[in-house]
Number of protein chains: 2
Amino acid sequence: MTEQTAPTTAAGEPATARGEQTRQLILDTAMRLFRERGYARTTMRAIAQEAGVAVGNAYYYFGSKEHLIQEFYAHAQAEHRATAGPVLARETDLAARLAGVMHAGIDVLTPSHSFAASFFKTAAEPTSPLSPFSAESSGPREAAIGLFAEALDGSTARFDPELRPHLPELLWLAYMGVVLHWVYDRSPGQARTRELIDGAVPLVDRLVGLSRLRVLRPVTRQVLDLIRTLRH
Amino acid sequence: MTEQTAPTTAAGEPATARGEQTRQLILDTAMRLFRERGYARTTMRAIAQEAGVAVGNAYYYFGSKEHLIQEFYAHAQAEHRATAGPVLARETDLAARLAGVMHAGIDVLTPSHSFAASFFKTAAEPTSPLSPFSAESSGPREAAIGLFAEALDGSTARFDPELRPHLPELLWLAYMGVVLHWVYDRSPGQARTRELIDGAVPLVDRLVGLSRLRVLRPVTRQVLDLIRTLRH
DNA sequence: CGAGCCACTTGAACACGTTCAAGATGTCGC
DNA sequence: GCGACATCTTGAACGTGTTCAAGTGGCTCG
């Protein structure tokens, strides 16, 4: 269904106060039901009924069931920024800043872990507008990468300056790996993922520092060459 | 639907020659249609009709539409092994062996790139039996990891022996990253992914060799500690 | 105050994956 | 040959996401 043509733009934005209200009502109801029953077991009919509107009305505001998730996505992104703010204002150590940003991201996602898996399913599809690599997601993606740029620039860490242009994106990619782990993490409270962050961040910190080392210069160059090749 | 209880076992294996034949017929038809029209646009009704059987008959042999993909999955795994065989018999250089295994994997997948994306969508769901990390996939997964163990052991490369127990799985993980890139790769013939392999393999080769370096001993330890922590 | 317009709302209808009770087909023991 | 049993095979029916032609309501302009 989504295979041929993924919807490129969301359904119409509301133009009146009444519309805005209905839209919010449907969205809130959907999020509540998703959390209560999970994504798959929440039907569009149930959402409409609980919200007291017709099924077609939900489709007036949201192009598909997936688009309801996209809202959640954007919301989480904004919350991530807000939650990471204090840490970035306080810490100067790179490891602390990175850990802060990553933990903040997981903090925001945690209450939704149960249905984030289904969310992830559709997000994983390359043609889906929900994909973190898609053009439609470029806004939130850039914002997230910016968060890592900020974590980097506000720190006292020293590293090979050649790395600077690409490091934020690499860190974001590592964070995507963490999120991937989190999605699959069945340990209570996703504690395993917390351990992953706490273990991986010092490692990354150390590697970044090592980039100043002479022996590793060729490796750094090789990494950068690879990135440049892939980028065109 | 798959959210609550993912089907743990495939539908009944055929017990008669007739059954085996019907099963094969349905499978071949499905694969043909998947390639022709893509996964989403191929309906179970179409498969049944083209195969000349009733819709319910397909469900007698395959628990769901996803299970049809699982067949493809297993088949590709076996083919990967076969395709990688000659390279592993010929080469002794680690980089050449790794590149051989990875290129062989992509070779096998390439004809199915168009519908592998949809395949990937369901495989990405953590609760899906199709997930490369799932218990149901442990057979193919172990086989794939074994392929990398073989690539490692048959090579002349030297590295920190402490790495040996974990390296095959790490290499497999890197390969999963390559596959992920391939799925998203829209360049003609997925040439970009080939470049990724050719660029990343020498890098991995070099890093593995560097593990013997004194300065990097702490980093190696840190990596191994992290892995051990995550593994329990 | 009325006509026209636009934003919104409705719910029946559609196509799809999936289920299942009923039947058809073969095979084996006697 | 024949009954009994396991192995298939059938297609109508169900629940789902989604569409769309037909409304409904309130606002503006004259």
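Labels below follow one simple rule: chain letters A, B, ... track the order of the sequence lines, proteins then strands, and each chain is numbered from 1.
In this structure, Q24(A) has no side-chain hydrogen bond (donor to acceptor under 3.5 Å, both in side chains) partners at least two apart in sequence or on a different chain. Among residues two or more places apart in sequence or in another chain, the side-chain hydrogen bond (donor to acceptor under 3.5 Å, both in side chains) test is passed with H113(B) by Q190(B). For E20(B), the side-chain hydrogen bond (donor to acceptor under 3.5 Å, both in side chains) test picks out no residue, with sequence neighbours left out. The side-chain hydrogen bond (donor to acceptor under 3.5 Å, both in side chains) check on T16(A) picks up nothing, with sequence neighbours excluded. Residues forming a side chain to side chain contact (heavy atoms under 4.5 Å, CB included) with E91(A) (at least two apart in sequence, or on another chain): V87(A), A96(A), R97(A). Residues forming a salt bridge (charged side-chain N to carboxylate O under 4.0 Å, His left out) with D28(B) (at least two apart in sequence, or on another chain): none.
I69(B) has its CD1 atom 13 Å from the C1' atom of dG17(C), to the nearest Å. Note: CG (L25(A)) to P (dC8(C)) measures 15 Å, nearest angstrom. Distance, F62(A) CZ to dT18(D) P: 13 Å, rounded to whole Å. Residue H67(A) contributes atom NE2, which lies 14 Å from atom C1' of dG17(D) at whole-angstrom precision. A straight line from CD of Q49(A) to C1' of dT10(C) spans 15 Å, rounded to a whole angstrom. Atom C1' of nucleotide dA15(C) and atom CZ of R41(B) are separated by 14 Å, given to the nearest angstrom. What separates CD of E66(A) from P of dT16(D) is a distance of 18 Å, to the nearest Å.
Sorted by first and then second residue, the salt bridge (charged side-chain N to carboxylate O under 4.0 Å, His left out) pairs with a member in residues 106-115 of chain B read D107(B)-R194(B); sequence neighbours excluded.
For Y59(B), no side-chain nitrogen or oxygen approaches OP1 or OP2 of dT19(C) to under 4.0 Å.
For the helix from dC1(C)-dG30(D) to dC30(C)-dG1(D), the axis fitted to the five pairs at one end and the axis fitted to the five pairs at the other end meet at an angle of 10° (nearest 10 degrees).
Cation-pi geometry between K65(A) and Y39(A) is satisfied (NZ or CZ under 6.0 Å from the ring centre, within 45° of the ring normal).
A donor and an acceptor atom, one from each side chain of R35(B) and S114(B), are nowhere located under 3.5 Å apart.
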What is the per-nucleotide protein-contact pattern of nucleotides 6-11 of chain D, from the 5' end, where B denotes a base atom under 4.0 Å from a protein heavy atom, S denotes such proximity for sugar-phosphate atoms only, and - denotes neither? -SBBBB

